[in-house]
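Here the structure comes first, spelled out in structure tokens, and everything after it is commentary.
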Amino acid sequence: MGEQKTPIPFFPQEVIERYAGLGVDIVALFSAGHLGTRMGVEITEASAERVVGTMPVEGNTQPYGLLHGGASAVLAETLGSIGAMLHAGPSKLALGVDLNATHHRGVRSGLVTGVATPAHRGRTSATYDIVITDEHDKRVCTARLTCTLRPVSPNGITG
């Protein structure tokens with residue numbers, strides 16, 4: 001089996017320019033992180049207005065062979081957090097403070113796709129609605145993530 005390549009997410013030009021002068025690897029910054037990587041989450045599109053990502057069902061199931069609800073939550077929080085970070089900009093961090101998810105149907109195989117869109121984008125918080133669908137475009141999960149937006153200092157998060 002050949003080496004699998006993770007697709008590089010699409011970032012709008014204004015996002016690339018916003019982070020270019022900071023010497024920040026935006027692909028790494030706005031990724032699924034170590035947990036998402038282990039679960040096979042791939043970000044395919046990223047902007048403050050819309051974040052899209054996929055995740056395989058295989059390897060992310062519960063004992064009955066269905067997609068684990070926690071896996072859907074990981075995908076949802078990843079997508080919503082990326083949107084909130086892109087909204088907040090380079091001077092703030094987005095930290096998830098509330099996640100809820102409703103699981104509508106079970107999925108046993110294939111790939112699920114999540115799309116996060118903003119419900120609220122403020123100065124100190126951002127909320128994203130996330131819809132996860134299966135390969136037949138049937139809704140698997142509906143989630144909502146709220147992030148607090150905290151200023152960044154050289155030592156990390158401030159006050």
Side-chain angles (χ1 to χ4, degrees), residues 4-16 18-19 25-90 92-150:
Q4 253 188 324
K5 286 188 172 185
T6 301
I8 296 173
F10 169 78
F11 290 96
Q13 188 60 38
E14 62 269 13
V15 170
I16 294 168
R18 192 175 194 187
Y19 288 86
D25 178 354
I26 63 171
V27 173
L29 181 63
F30 301 110
S31 72
H34 296 294
L35 175 61
T37 299
R38 282 194 306 271
M39 297 181 72
V41 173
E42 294 182 355
I43 307 305
T44 58
E45 179 183 334
S47 72
E49 291 78 29
R50 178 179 157 96
V51 182
V52 180
T54 61
M55 181 179 66
V57 173
E58 184 179 356
N60 294 315
T61 58
Q62 37 86 311
Y64 300 120
L66 299 170
L67 177 65
H68 195 291
S72 293
V74 167
L75 178 60
E77 185 150 359
T78 298
L79 300 177
S81 293
I82 291 170
M85 288 283 290
L86 288 166
H87 162 66
K92 294 183 179 179
L93 291 178
L95 304 168
V97 295
D98 183 65
L99 173 68
N100 65 68
T102 301
H103 308 289
H104 304 292
R105 72 176 63 246
V107 181
R108 292 188 179 278
S109 63
L111 202 64
V112 292
T113 300
V115 178
T117 55
H120 165 76
R121 290 186 295 170
R123 189 174 41 83
T124 59
S125 70
T127 300
Y128 279 76
D129 292 326
I130 304 98
V131 173
I132 300 172
T133 56
D134 66 14
E135 292 178 319
H136 304 289
D137 206 29
K138 298 220 179 211
R139 191 176 292 225
V140 173
C141 176
T142 302
R144 176 173 279 203
L145 173 72
T146 298
C147 292
T148 186
L149 307 178
R150 304 293 297 271

Tell me whether the count of non-hydrogen atoms from other residues, nucleotides or ligands lying under 6.0 Å of CD in Q62 goes above 12.
yes
I want to check something: taking the side chain as every heavy atom from C-beta on, are D134 and V57 in contact at a cut-off of under 4.5 Å?
no
Is there a side-chain contact between L66 and R108, using heavy atoms and a 4.5 Å cut-off?
yes
Would you mind reporting whether N60 and H68 have side-chain heavy atoms less than 4.5 Å apart?
no
What are the two closest heavy atoms between E135 and G110, and how far apart are they?
OE1-CA, 3.5 Å
Can a donor-acceptor pair be found, under 3.5 Å and without considering hydrogens, that links the side chain of K92 to the backbone of R123?
yes
Backbone of R139 reached by a side-chain donor or acceptor of R105 within 3.5 Å
yes
How close do L149 and G122 get, heavy atom to heavy atom, and via which atoms?
CD1-O, 3.6 Å
For residues T113 and V52, determine if any side-chain heavy atom of one lies less than 4.5 Å from a side-chain heavy atom of the other.
yes
Should L111 and P56 count as side-chain neighbours, where that means a heavy-atom distance under 4.5 Å?
yes
Steps toward side-chain contact (heavy atoms from CB on, under 4.5 Å) verdict (H104, V140):
CA-CA 5 Å; H104 304 292; V140 173; over 6 Å; no
List the steps, then state whether side-chain contact (heavy atoms from CB on, under 4.5 Å) holds for E49 with R121.
CA-CA 10 Å; E49 291 78 29; R121 290 186 295 170; 3.2 Å; yes
So S72 and H103, do their side chains get closer than 4.5 Å, heavy atoms only?
yes
I130: which of L75, L145, V115 passes side chain to side chain contact (heavy atoms under 4.5 Å, CB included):
L145
Here the pair of heavy atoms bringing A119 nearest to R144 is CB-NH2, 3.9 Å
Counting distance only, does the side-chain N/O of Y128 pair as donor-acceptor with the main-chain N or O of A48 below 3.5 Å?
yes
What I'd like to find out is whether the side chain of T78 reaches to under 4.5 Å of the side chain of M55, using heavy atoms alone.
no
Is any side-chain heavy atom of I43 closer than 4.5 Å to a side-chain heavy atom of L79?
yes
Atom OG of S81 and atom CG of L86: how far apart are they, to the nearest 0.5 Å?
11.0 Å
Just verifying a value: how many Å separate I82 CD1 and H87 NE2, rounded to the nearest 0.5 Å?
15.5 Å
Straight-line distance of L67 CG to S109 OG, nearest 0.5 Å
10.5 Å
